[in-house]
Amino acid sequence: MTTETPALSRLVPVRRWKSFFESYGQEFVILAALVVLFVGVGFYNPRFISANNLTSMFVGNAYIAIAAIGMSMVIISGNIDVSVGSLIGVLGTISGTMAVNGYPVILCWLVPVLIGMVINAGVGVLVAYVKIPSIVVTLGMLSILKGGLISVTGGAWISGMPPEFMIAQFRLFGLPSSVYFMVVLTALAALWMKYSPFGRAIYAIGGNPEAARVTGIRIQPAIVGVFTIHGMFAGIAAILFATQLQVIQSTVPPNLELTVITASVVGGVSILGGTGTVIGSTLAAILFAAIGSSLVFLNISAYWLRAVQGLMILATVLADMARRRRI
Amino acid sequence: MSNLLEVSGVSKSFGPVKVLKEISFDVRPGEVHALLGENGAGKSTLIKIVAGVINADEGEVRLEGKAVRFASPREAAAHGIATVYQELLLFPDLTVAENIYLGHAPKTRWGALDWNAMRAGARALLDSLDSPDLDVDTTVGKLSVANRQRVEIAKALSHDAKLVIMDEPTAALADADARRLMDVVKRLRDRGVGIIYVSHRLPEIFALADRVTVLRDGTYVGTKPIGEVTEGDLVSMMVGRAIDHLFPKVDTTPGETILEVKNLSYRNTVNDISLTVRAGEIVGIAGLIGAGRTELALTIFGITPATSGEILIDGKPVTISSPDDARRLKIAYVPEDRGSQGLIRPQTVRENVSLAILDRIARAFVVDRRQEGSLARQAIERFGIRTRGPEQRVKQLSGGNQQKVVLAKWIATEPRVLIMDEPTRGIDVGAKAEIHALMSRLAGQGLAVLMISSELPEVLGMSDRVLVMRGGRIVAQFDRKDATPDAVGAAMTAAKAGASLESAPLGFKGAAAL
């Protein structure tokens with residue numbers, strides 16, 4: 001053990017920066033990637049950074065960032081949810097069907113969110129109290145929701161929703177509501193995770209469940225809580241998803257759960273739990289949207305997006321491992 | 001007689017810590033050579049070197065006169081060195097025969113497993129170990145610990161071992177099983193196999209061993225033929241004499257009784273324990289590994305809630321069914337294994353220190369960061385935690401400093417009862433002394449401290465009273481002035497198989513302290 005001399009205390013600001021980067025390293029990497037992408041592709045084709053393109057990019061993808069907030073919390077707690085795509089499909093369909101059938105708009109927005117919370121609270125109970133691994137529970141849930149949805153609706157298109165229902169298309173000061181939802185929810189969730197006892201407990205449980213338990217944290221209610229909150233974010237994401245276009249196809253968006261999980265992981269949330277932030281996952285979701293959009297402007301097949309996402313997962317995990325070894 | 005194994009001048013360091021310093025000893029064919037020492041004395045490291053698990057930094061290992069250096073345990077096994085580890089390394093879903101021949105199964109001409117040869121071979125090996133009752137076709141998972149041990153020994157013998165290393169083979173066994181195992185060891189010896197026998201149980205060593213080598217703090221203390229030493233001699237060799245001045249225990253006048261435990265039991269690991277701890281008092285619990293000390297702590301703290309008995313705080317009965325309950329009752333537990341139970345390693349010092357009191361320093365769902373920060377800075381100062389600052393992640397700290405963070409976390413809860421399980425395990429000497437000084441100071445401030453330690457000098461140096469546990473029970477109790485190494489050591493090691501071992505010279509001063 002080395003004894004630090006008092007003289008070192010003069011270096012406090014430097015050390016703060018070091019700690020800061022240890023906490024937010026991945027977020028900065030993604031932010032840098034975003035800047036490079038916008039500047040680079042913007043130079044190549046200025047229409048990429050036109051208001052029109054940016055708007056459609058956010059409207060079309062904000063729901064992924066919002067779903068990734070809840071997903072990040074679940075992964076930080078040491079669990080995972082592979083059913084979120086199906087859940088969003090089901091809740092979006094419920095919401096659209098209610099709207100078409102003339103229910104009050106407020107209910108069309110709130111009921112799916114509540115249903116999402118109830119369903120995921122059930123998932124949380126199975127994980128925390130019955131002690132079934134979350135990947136198994138949510139794999140089951142994936143099939144149940146997906147199969148149920150197709151069986152009931154036959155994949156029909158829903159259309160004719162009233163305009164006041166289309167919340168994703170609302171604008172305030174020229175910006176689409178999706179952007180406000182994404183920014184506000186990310187900020188609230190980040191503060192909640194960082195400053196609330198509940199958020200801290202989630203980090204502790206994911207970091208070392210045994211130590212968390214021995215410290216007197218009640219793990220089981222916390223796990224149910226984190227899944228329930230995740231259900232709420234999935235519900236909000238479903239509403240934005242359902243209202244972005246004039247029609248809703250009542251099926252599950254393909255690979256949505258993987259896109260959401262990828263956003264969390266690339267955003268710096270360790271798949272082993274215990275580290276990462278929801279800011280990172282939101283930035284990563286924006287990055288995916290930007291890459292997808294830039295492919296169009298660069299005249300590259302959009303199918304490359306998936307391959308790029310895959311490469312980013314591997315790069316992130318490798319970087320994470322390198323960082324762990326160094327620390 | 002020529003030596004089977006010769007170890008000369010072996011040293012080994014892990015990082016800056018030198019765990020073995022120029023150890024020399026030898027084993028003859030047909031000899032049981034006991035290796036004795038406290039936890040941390042270096043026995044495990046030494047046998048790992050002989051078994052090829054790790055390599056020595058300096059020195060030489062000679063097998064039948066030839067210098068050897070094993071790259072792996074497999075290579076050591078090929079040279080006829082077999083190891084029976086304390087934690088049995090068997091596969092529960094495979095059969096007895098499969099386990100015995102795992103990795104070197106007999107093959108038929110066609111390259112398939114020769115089941116008949118395998119089963120017959122396993123049968124013969126087990127019979128030679130006086131275990132005709134063991135079925136070679138049952139899966140190992142269904143066997144008792146004692147029977148698994150026999151399978152493990154048969155596995156060792158299936159390699160034609162010339163040298164068998166046994167690491168505390170009787171630690172997990174009941175009396176009768178321990179005796180049968182010892183018969184097996186004698187059979188091996190009579191066949192000319194050399195045996196390195198690691199055990200804490202002195203009577204067992206007197207009944208079995210031909211010679212005994214004692215290690216202390218990684219140094220070689222001496223080798224003696226068993227006929228030339230008494231138990232008292234061995235205990236003195238193990239613990240040494242320089243105890244008192246190391247430990248800054250301040251004399252205190254204990255106050256009221258805070259924690260009282262009456263007839264507490266948990267399943268069959270904690271049996272009918274009664275004890276009291278008063279304010280300002282440090283009560284040490286001595287005992288061997290597996291004596292039920294940690295289990296007692298887990299039961300008091302509600303991790304494994306008591307199956308019967310009573311816990312009283314300030315004379316009032318309380319129910320503790322979870323760590324959360326214990327925390328509310330102002331009980332703190334600094335666990336044995338800080339890595340897995342004490343710390344959230346990816347989090348910062350600040351976040352770890354405040355973890356147990358988040359509810360208290362939060363207002364309306366928001367943790368008061370200013371209060372949290374000052375708590376962390378105070379902890380760093382008060383406990384002398386060497387860190388870059390509150391924002392450093394605890395996984396970057398040294399073991400001693402991590403332990404101080406765990407301690408700080410619990411002291412932040414303002415506990416009245418502090419249970420410390422192996423408070424200085426794996427910590428270097430300087431940090432050890434600091435932790436001891438802290439404990440002493442905390443007791444001086446009126447905490448009731450219950451300390452579990454496997455290091456006899458620590459127990460004797462720090463405790464106002466010493467309780468000795470064995471087999472889940474408290475078997476002896478000493479006041480500070482009566483707690484001599486000999487007396488406590490004897491109470492710890494007095495074999496539960498003692499009655500059956502006629503040759504064991506029990507009964508020196510203090511052994512009958514019950």
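Every heavy atom of this structure was used, including side-chain atoms; hydrogens, water molecules and symmetry mates were not. Letters go in sequence order (proteins before strands), and every chain restarts at 1.
Contacts with chain A (heavy atom to heavy atom, under 4.5 Å) involve these residues of residues 355-362 of chain B, listed by number: B:Leu355, B:Ala356, B:Leu358, B:Asp359, B:Ala362.
Annotation: side chain of B:Pro323 is not in contact with side chain of A:Thr215 (no heavy-atom distance under 4.5 Å).
With rounding to the nearest 0.5 Å, the separation of CZ in A:Arg200 from CD1 in B:Ile344 is 11.5 Å. The structure places CG of A:Asn208 at 12.0 Å from NZ of B:Lys395, a figure rounded to the nearest 0.5 Å.
Taking B:Arg363 as the reference, B:Asp368 meet the salt bridge (charged side-chain N to carboxylate O under 4.0 Å, His left out) condition, with sequence neighbours excluded. For A:Ala237, the side-chain contact (heavy atoms from CB on, under 4.5 Å) criterion is met by A:Tyr63, A:Ile66, A:Ala67, A:Ile88, not counting sequence neighbours.
Contact detail for B:Ile303 and A:Arg213: the closest heavy-atom pair is CG2-NH2, 3.2 Å.
Residue pairs satisfying the salt bridge (Lys or Arg N to Asp or Glu O under 4.0 Å) criterion with at least one member in residues 215-226 of chain A, sequence neighbours excluded, are listed as follows: A:Arg218-B:Asp324.
Contacts with chain A were tallied for B:Arg328, B:Glu372, B:Arg345; B:Glu372 has the most, counting heavy-atom pairs under 4.5 Å.
Annotation for B:Arg369: atom CZ counts as buried by contact number, over 12 foreign heavy atoms lying within 6.0 Å.
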Checklist entry - Can you check side chain to side chain contact (heavy atoms under 4.5 Å, CB included) on B:Gln347 and A:Tyr203, steps first, answer last? => result CA-CA 8 Å; B:Gln347 293 199 323; A:Tyr203 277 106; 2.8 Å; yes

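Proximity to chain A is absent for every atom of B:Thr413, based on heavy atoms less than 4.5 angstrom apart.
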